[in-house]
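Contents: one structure, followed by commentary.
Remember, predicted model here, so these are calculated numbers, not experimental data. Protein chains get the first letters and strands the later ones, always in sequence-line order, with residue 1 at the start of each. Hydrogens, waters and symmetry mates are skipped; everything else that's a heavy atom, side chains included, is used.
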Amino acid sequence: MSDEHTDRAHEDTRLGRLQRALLAWYDLQGRDLPWREPPEDGSGQTADARSRPGARCRPWAVLVSELMLQQTQAARVAARFPEFLGRFPDPATMAAAPVSAVIDAWQGLGYNRRAVNLHRAAQEMVWRHGGHLPRELDELEALPGVGPYTARAVAAFAYGQLRAPVDTNVARVMARAVAGAGLGRAEAQRVADGLVPVDRPADWSHALMDLGARYCTARRPVCGSCPVATQCAWRAAGWPDPDPARASSVRAGPQDAFAGSDRYCRGRIVDALRRAPLDASEVAATAGLEDAPERLERIVVGLVRDGLAVRDEHGGLCLPGRGG
DNA sequence: AACTCGGGGGA
DNA sequence: TCCCCAGAGTT
């Protein structure tokens with residue numbers, strides 16, 4: 001690992017106090033989320049990740065949850081995750097299933113390409129990695145749908161490596177509480193790398209995310225009751241404008257009107273395909289694009305290219321792997 | 001660097 | 001309405 005970590009003591013520094021305060025808060029108030037459960041240890045006891053310092057989460061469960069969590073709020077994922085994991089309990093089960101089954105189970109989560117990516121990742125795990133997730137960062141990033149964030153999340157949460165997954169929450173906390181200044185993407189990563197405590201890397205990143213979700217929120221941070229308020233650089237400076245988090249880089253791109261958009265039409269079509277194949281005329285009606293054949297064609301081509309649909313010789317559509 | 005990709009929740 | 005959400009892949 002080339003990343004700089006903090007074995008060097010932050011003992012009596014502001015950041016050292018911030019670390020201890022945040023972890024202490026996390027131990028008592030951290031979110032209890034289903035994918036944080038460690039593997040069964042055979043003792044038959046219900047596991048509490050935070051009660052066992054060495055405990056790690058199941059790698060497959062971590063990967064599934066992280067794919068689901070990409071641009072999707074944790075609460076919504078938490079509602080779907082247990083059932084989904086029950087249906088695909090390991091990579092081999094998913095790899096053996098048709099991708100249509102995974103797209104089906106993805107219903108309501110959005111960004112359906114993630115379901116295709118997850119299925120392909122499961123296949124690669126079976127074909128190239130003995131049915132397991134790889135441990136190296138570059139091997140993880142080579143999996144479809146796994147980028148810099150997700151690779152580090154798996155490394156930290158599943159394998160206990162000293163990695164810093166920088167999501168939108170962590171980026172915000174780094175900019176506000178740690179730096180008190182806007183950070184570019186690479187800069188935020190470097191700052192986060194330097195803060196990972198060697199004894200609790202997974203808990204630390206979970207704690208940062210929980211802080212970002214509960215107190216250090218994007219819109220209106222709740223500084224009054226924040227557990228690290230007294231160590232926060234932005235607060236110490238008197239909350240100067242602009243908000244450092246807004247100058248940070250992990251923000252999403254420009255948002256477009258949703259109703260009637262390409263994304264909306266794609267969603268309508270895929271959702272219909274989950275129920276049954278469509279013939280050509282039904283496709284147009286489903287998308288509400290009877291009067292826009294060129295646009296419909298472009299959208300359908302996109303769905304096929306993304307592995308979310310296959311087209312027959314008459315222009316009908318069905319989910320890949322599901323005969324029409 | 002800028003776009004695209006779903007859908008829901010909250011203010 | 002507008003903004004945001006445990007991002008990644010493509011152009």
Side-chain angles (χ1 to χ4, degrees), chain A residues 30-31 33-36 57 61-81 103 106-118 120-121 140-158 163-174 184-186 188-189 192 202 204-214 216-222 243 245-246 248-272 274 287 298-299 301-303 305-309:
Chain A
R31 288 180 293 180
L33 296 166
W35 49 89
R36 292 183 180 176
C57 311
V62 171
L63 182 70
V64 170
S65 67
E66 292 301 340
L67 266 289
M68 288 184 171
L69 287 161
Q70 290 169 4
Q71 292 292 286
T72 305
Q73 279 158 337
R76 188 146 61 100
V77 172
R80 300 300 199 84
F81 176 81
I103 296 171
W106 202 262
Q107 199 277 331
L109 286 169
Y111 287 140
N112 296 306
R113 286 189 301 200
R114 296 181 297 173
V116 179
N117 286 335
L118 182 58
R120 291 176 179 164
L140 287 165
E141 287 200 48
L143 294 171
V146 177
Y149 162 78
T150 303
R152 286 168 177 77
V154 170
F157 299 146
R163 301 290 189 186
V166 178
D167 71 338
T168 177
N169 289 305
V170 175
R172 223 168 31 238
V173 175
M174 292 302 124
R185 183 195 175 84
Q189 181 69 59
W204 172 247
S205 286
H206 281 147
L208 286 173
M209 293 175 185
D210 288 5
L211 187 78
R214 173 74 180 83
C216 202
T217 53
R219 208 80 124 271
R220 189 190 298 234
V222 191
D243 179 349
R246 288 228 313 242
S248 292
S249 66
V250 189
R251 303 195 317 279
Q255 64 265 10
D256 46 304
F258 182 63
S261 66
D262 284 6
R263 293 151 75 127
Y264 175 79
C265 295
R266 282 172 57 110
R268 292 285 303 271
I269 293 172
V270 172
D271 215 30
R274 287 187 174 103
R298 182 162 48 77
I299 288 172
V301 166
L303 287 171
R305 171 171 30 78
D306 288 343
L308 286 166

Partner residues of A/Y264 under the ring pair (Phe, Tyr, Trp, His ring centres under 6.0 Å) criterion, sequence neighbours left out: A/F258
Which one, C/dA8, C/dC5, B/dG6, comes nearest to the side chain of A/R185? C/dA8
Is the shortest side-chain N/O distance from A/T150 to OP1 or OP2 of C/dA8 below 4.0 Å? yes
Which atom pairs link the protein and nucleotides 9-11 of chain C when you take only N or O atoms and keep those under 3.5 Å?
from: C/dG9; atom 1: OP1; to: A/G145; atom 2: N; distance (Å): 2.7

Heavy-atom donor-acceptor pair, A/R31 side-chain to C/dA6 base, under 3.5 Å: yes
Output field dot_bracket for DNA chain B (Watson-Crick or G-U, both distances under 3.5 Å, | for other-strand pairs) contains |||||.|||||
Separation between CG (A/D262) and CZ (A/R298), nearest 0.5 Å, reads 4.5 Å
Expressed in angstrom and rounded to an integer, what is the separation of A/N169 atom CG from C/dC4 atom P? 13 Å
Residues which pass side chain to side chain contact (heavy atoms under 4.5 Å, CB included) with A/Y111, listed by chain and number, not counting sequence neighbours: A/Q71, A/R114, A/R263
Please report, rounded to the nearest Å, how far the P atom of B/dG6 is from the OH atom of A/Y111. 8 Å
Which part of the nucleic acid, if any, lies within reach of A/L109 when heavy atoms closer than 4.0 Å are counted: base, sugar-phosphate only, or nothing? base
Run the side chain to side chain contact (heavy atoms under 4.5 Å, CB included) test against A/A115 and tell me which residues pass, sequence neighbours left out. A/V102, A/I103, A/W106
Side-chain contact check for A/A218: nearest option of C/dA6, C/dC5, B/dC5 is C/dC5
Whole angstrom value for the distance that separates C1' of C/dA8 from CG of A/L118: 14 Å
Which whole-number value in Å describes the distance from A/L303 CG to B/dT4 C1'? 13 Å
With sequence neighbours left out, write down each residue that passes ring pair (Phe, Tyr, Trp, His ring centres under 6.0 Å) with A/W204, or none if nothing qualifies. none
Donor-acceptor pair, side chain of A/R152 and main chain of A/V166, under 3.5 angstrom: no
Qualifying residues under side chain to side chain contact (heavy atoms under 4.5 Å, CB included), relative to A/A121, sequence neighbours excluded: A/L143, A/P144
Looking at A/Q71, does any N or O in its side chain come under 4.0 Å of the phosphate oxygens OP1/OP2 on C/dC5? no
Between A/Q70 and A/R172, just flag the one whose closest nucleotide in DNA chain C comes earlier from the 5' side. A/R172
Between A/D271 (CG) and B/dG7 (C1'), how many Å, whole number? 11 Å
What pairs with A/D243 under side chain to side chain donor-acceptor pair (under 3.5 Å), at least two apart in sequence or on another chain? A/R176
Among all residues two or more places apart in sequence or in another chain, which pass the side chain to side chain contact (heavy atoms under 4.5 Å, CB included) test with A/Q73? none
Residues forming a side chain to side chain donor-acceptor pair (under 3.5 Å) with A/R214, sequence neighbours excluded: none
Output all residues satisfying side chain to side chain donor-acceptor pair (under 3.5 Å) with A/S65, sequence neighbours left out; order by chain, then residue number. none
Check the interface with nucleotides 8-11 of chain B: list each N/O to N/O pair with the protein under 3.5 Å, or write none.
from: B/dG10; atom 1: N2; to: A/R219; atom 2: NH2; distance (Å): 3.1

Rounded interatomic separation in angstrom, taking CG from A/L140 and C1' from C/dG7: 15 Å
Salt bridge (Lys or Arg N to Asp or Glu O under 4.0 Å), that's the test. Do A/D271 and A/R268 meet it? Break it down for me. CA-CA 5 Å; A/D271 215 30; A/R268 292 285 303 271; over 6 Å; no
Suppose you measure atom P in B/dG6 against the same atom in C/dT11; what distance do you get, rounded to whole Å? 15 Å
Would you say a side-chain N or O of A/T168 is under 4.0 Å from OP1 or OP2 of C/dA6? no
Select base, sugar-phosphate, or nothing to describe what A/A153 touches, counting heavy atoms under 4.0 Å on all strands. nothing
Can you tell me how far P of B/dG7 sits from CD1 of A/I269, to the nearest Å? 11 Å
Across the strands shown, which category fits A/D306 at heavy-atom distances under 4.0 angstrom: base, sugar-phosphate, nothing? nothing
d(CZ, A/R114; C1', B/dC5) in whole Å: 9 Å
Does any N or O in the side chain of A/E66 come within less than 3.5 Å of the main-chain N or O of A/A151, such that one atom is a donor and the other an acceptor? no
Rounding to the closest angstrom, what is the interatomic distance between C/dA6 and B/dA11 at atom P? 14 Å
